[in-house]
Amino acid sequence: MTDHTQQRDAFRASASRLVAARYPHALGALLGGSAARGRATASSDLDVAVLLPDREHSGREVVRHEGRVAELFLNTVADLPEFFAWDRARRRGTVLFLYDRGLPLADPHGHVARARELARRVLASGPAPLGKEEREYGRYALTCYVDDLADLADPGDAIGADTAARHEQLSVADHVLREAAHLLTAHHQAWTGIGKWLPRRLIDADPVLGGALLDGHRTVAERADPAPLVAAAEQVLDLLGGPLREGYTHRWEP
């Protein structure tokens with residue numbers, strides 16, 4: 001038995017004890033994330049999806065179990081299709097992937113198996129496409145951030161002499177990467193992510209341009225040079241119709 005298998009089995013047993021203790025009436029459960037793959041670190045949490053009877057409430061709960069943080073994704077059977085639709089609409093698919101790739105802990109009535117099949121159908125359909133309003137706002141926002149980043153391009157005058165300006169450059173670069181990743185993944189109708197999942201999903205969607213965005217972001221951090229990130233973000237804008245400045249309108253609806 002490999003170390004990865006032993007670790008996975010240990011986490012599976014721990015997650016099963018957690019579900020049995022807190023939700024003995026659960027209809028089923030899965031273990032997801034790095035723990036399910038046997039690749040958890042000392043600080044990794046337990047991601048556990050729990051299916052509940054319809055008399056319960058869907059939600060999320062974070063607890064500490066056996067010395068480790070555990071995040072519980074709670075859904076009733078009736079709520080799950082609507083929740084999957086919401087997860088698809090925001091294009092992250094967090095819980096969809098948990099059901100698709102998770103390790104079943106218990107499924108006495110087949111609810112988990114049916115939920116996994118539904119998750120796989122939703123994932124196969126891909127994330128929701130960008131609507132016109134969201135696309136235009138994304139173009140406008142990314143254009144603004146790219147313009148701001150280009151204005152902070154002189155490390156000699158602006159950044160070397162002013163620590164605050166360097167902080168501004170790094171902050172704006174983060175926004176450029178996030179907005180560009182959102183638009184690029186949506187352009188490819190691919191899943192997106194935040195945190196550690198942003199670079200993973202970005203490379204999955206577009207290894208070349210996604211890689212250029214990530215490399216450009218690193219160049220800003222390491223050398224205070226925004227030019228590669230600006231160039232990569234401008235390529236993303238070109239895919240969506242180009243930069244958008246004058247002419248952008250948005251009506252606020254109360």
Side-chain angles (χ1 to χ4, degrees), residues 1-127 190-201 204:
M1 183 179 293
T2 66
D3 291 342
H4 288 325
T5 301
Q6 289 177 327
Q7 185 194 65
R8 182 196 62 199
D9 290 346
F11 281 122
R12 182 178 186 177
S14 179
S16 295
R17 290 191 293 270
L18 169 62
V19 174
R22 297 189 70 87
Y23 293 98
H25 55 292
L27 300 176
L30 301 97
L31 173 65
S34 57
R37 300 191 302 273
R39 298 184 179 277
T41 66
S43 60
S44 295
D45 59 3
L46 295 176
D47 295 320
V48 183
V50 182
L51 269 177
L52 298 172
D54 291 340
R55 66 177 181 272
E56 299 289 336
H57 297 282
S58 296
R60 186 177 293 191
E61 184 178 10
V62 180
V63 301
R64 184 167 292 275
H65 172 70
E66 299 180 354
R68 189 176 294 270
V69 171
E71 188 165 10
L72 300 167
F73 298 84
L74 310 170
N75 287 101
T76 66
V77 173
D79 285 348
L80 200 60
E82 185 177 354
F83 192 89
F84 281 176
W86 170 80
D87 210 18
R88 176 179 181 263
R90 66 183 190 142
R91 302 188 192 88
R92 293 183 199 167
T94 304
V95 178
L96 285 165
F97 281 107
L98 198 161
Y99 272 87
D100 176 41
R101 301 177 182 179
L103 186 64
L105 300 175
D107 189 21
H109 309 293
H111 292 294
V112 170
R114 289 188 287 274
R116 285 164 66 86
E117 179 58 34
L118 176 59
R120 287 165 180 164
R121 290 200 302 270
V122 175
L123 286 170
S125 70
W191 300 98
T192 189
I194 59 175
K196 65 185 180 183
W197 287 102
L198 186 149
R200 296 176 186 181
R201 299 285 189 234
D204 285 345

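Since we're looking at a predicted model, the values are computed, not measured. These values consider heavy atoms only, across backbone and side chains, with no hydrogens, waters or symmetry-generated copies.
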Asks: Just verifying a value: how many Å separate Arg8 CZ and Thr5 OG1, rounded to the nearest 0.5 Å?
Replies: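 Rounded to the nearest 0.5 Å, the CZ-OG1 separation comes to 5.0 Å.
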Asks: Which of these, Leu18, Leu72, Asp45, sits in a side-chain contact (heavy atoms from CB on, under 4.5 Å) with His65?
Replies: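 Single side-chain contact (heavy atoms from CB on, under 4.5 Å) partner of His65 among Leu18, Leu72, Asp45: Leu18.
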Asks: So, taking the atom named CD in Glu82 and the one named OG in Ser58, what distance separates them when rounded to the nearest 0.5 Å?
Replies: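 So the gap between those two atoms works out to 9.0 Å.
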Asks: Do the non-hydrogen side-chain atoms of Leu105 and Ser16 ever get within less than 4.5 Å of each other?
Replies: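 Result yes, sub-4.5 Å side-chain heavy-atom pair found.
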Asks: Fit a plane to each ring of His109 and His111, take the angle between them on a 0 to 90° scale, and name the class: parallel (under 30°), tilted (30 to 60°) or perpendicular (over 60°).
Replies: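 The arrangement is perpendicular - the two ring planes meet at more than 60°.
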Asks: Any side-chain heavy-atom pair from Val50 and Phe73 closer than 4.5 angstrom?
Replies: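 No, their side chains stay 4.5 Å or more apart.
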Asks: Do the non-hydrogen side-chain atoms of Leu103 and Leu30 ever get within less than 4.5 Å of each other?
Replies: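 The answer is no; the side chains never approach within 4.5 Å.
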Asks: Specify the closest pair of heavy atoms between Asp87 and Thr94, including all atoms of both residues, with the distance to one decimal.
Replies: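 That closest heavy-atom pairing would be OD2-N, 3.0 Å.
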Asks: Heavy atoms only: give me the nearest Arg92-Trp191 pair and the separation to one decimal.
Replies: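 In this case the closest contact between Arg92 and Trp191 is C-CE3, 3.9 Å.
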Asks: What verdict does the side chain to side chain contact (heavy atoms under 4.5 Å, CB included) test give for Thr192 and Leu198, after you've listed the backbone C-alpha separation in whole Å, the side-chain angles of each residue and the deciding distance to 0.1 Å?
Replies: CA-CA 6 Å; Thr192 189; Leu198 186 149; 5.6 Å; no
Asks: With a 4.5 Å limit on heavy-atom distance, are the side chains of Leu118 and Tyr99 in contact?
Replies: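 Answer no - side chains too far apart.
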Asks: Would a distance-only check, ignoring hydrogens and angles, find a side-chain to backbone donor-acceptor pair under 3.5 Å from Arg64 to Ala70?
Replies: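 Absent.
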Asks: Between Arg68 and Phe11, what is the shortest heavy-atom contact and its length?
Replies: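 What the structure gives for the nearest pair is NE-CE2, 3.2 Å.
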Asks: I want to check something: taking the side chain as every heavy atom from C-beta on, are Asn75 and Leu52 in contact at a cut-off of under 4.5 Å?
Replies: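 Not touching, per the 4.5 Å side-chain cut-off.
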Asks: Is any side-chain heavy atom of Val19 closer than 4.5 Å to one of Val48?
Replies: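 Yes, side chains in contact.
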Asks: Decide whether a cation-pi geometry holds between Arg114 and Phe84; the criteria are a distance under 6.0 Å from NZ or CZ to the six-membered ring centre and an angle within 45° of the ring axis.
Replies: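 Not satisfied by the 6.0 Å and 45° rule.
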Asks: Nearest heavy-atom pair of Ala15 and Leu31: which atoms, and what distance?
Replies: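 Smallest interatomic distance, heavy atoms only, reads CB-CD1, 4.1 Å.
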Asks: Quick one: pull up CZ in Arg201 and CZ in Arg91 and give me the separation to the nearest 0.5 Å.
Replies: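 So the CZ of Arg201 and the CZ of Arg91 are separated by 14.5 Å.
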Asks: To the nearest 0.5 Å, how far apart are CD in Gln7 and CZ in Arg12?
Replies: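 Rounded to the nearest 0.5 Å, the CD-CZ separation comes out at 14.5 Å.
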Asks: Can you see which heavy atom on Pro104 is nearest to which on Gly102, and at what distance?
Replies: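 Where Pro104 meets Gly102 most closely, the heavy atoms are CD-O, 3.5 Å.
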Asks: Hey, are the side chains of Pro53 and Val77 touching, using non-hydrogen atoms and a 4.5 Å cut-off?
Replies: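 The answer is no, as the side chains (C-beta and beyond) never meet within the 4.5 Å cut-off.
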Asks: Going by heavy atoms in the side chains, are Val69 and Leu46 under 4.5 Å from each other?
Replies: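 The answer is no, as the side chains (C-beta and beyond) never meet within the 4.5 Å cut-off.
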Asks: Looking at Ala115 and Leu51, what are the two nearest heavy atoms and their distance?
Replies: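 Minimum heavy-atom contact is CB-CD1, 4.2 Å.
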Asks: Going through the distances and angles, do Glu71 and Arg60 end up as a side chain to side chain contact (heavy atoms under 4.5 Å, CB included)?
Replies: CA-CA 7 Å; Glu71 188 165 10; Arg60 186 177 293 191; 3.0 Å; yes
Asks: Write out all pairs satisfying salt bridge (charged side-chain N to carboxylate O under 4.0 Å, His left out) with one or both partners inside residues 14-23, taking only residues at least two apart or from two chains.
Replies: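 For residues 14-23, and leaving out neighbouring residues, the salt bridge (charged side-chain N to carboxylate O under 4.0 Å, His left out) pairs sorted by first residue read Arg17-Glu66, Arg22-Glu61.
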Asks: Has the side chain of Asp100 got a donor or acceptor atom that lies under 3.5 Å from a matching backbone atom of Arg120?
Replies: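 Flag not set: sc Asp100 to bb Arg120 has no pair under 3.5 Å.
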Asks: Would you say NE2 of His25 has more than 12 non-hydrogen atoms from neighbouring residues, nucleotides or ligands within 6.0 angstrom?
Replies: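 Count over threshold, so yes.
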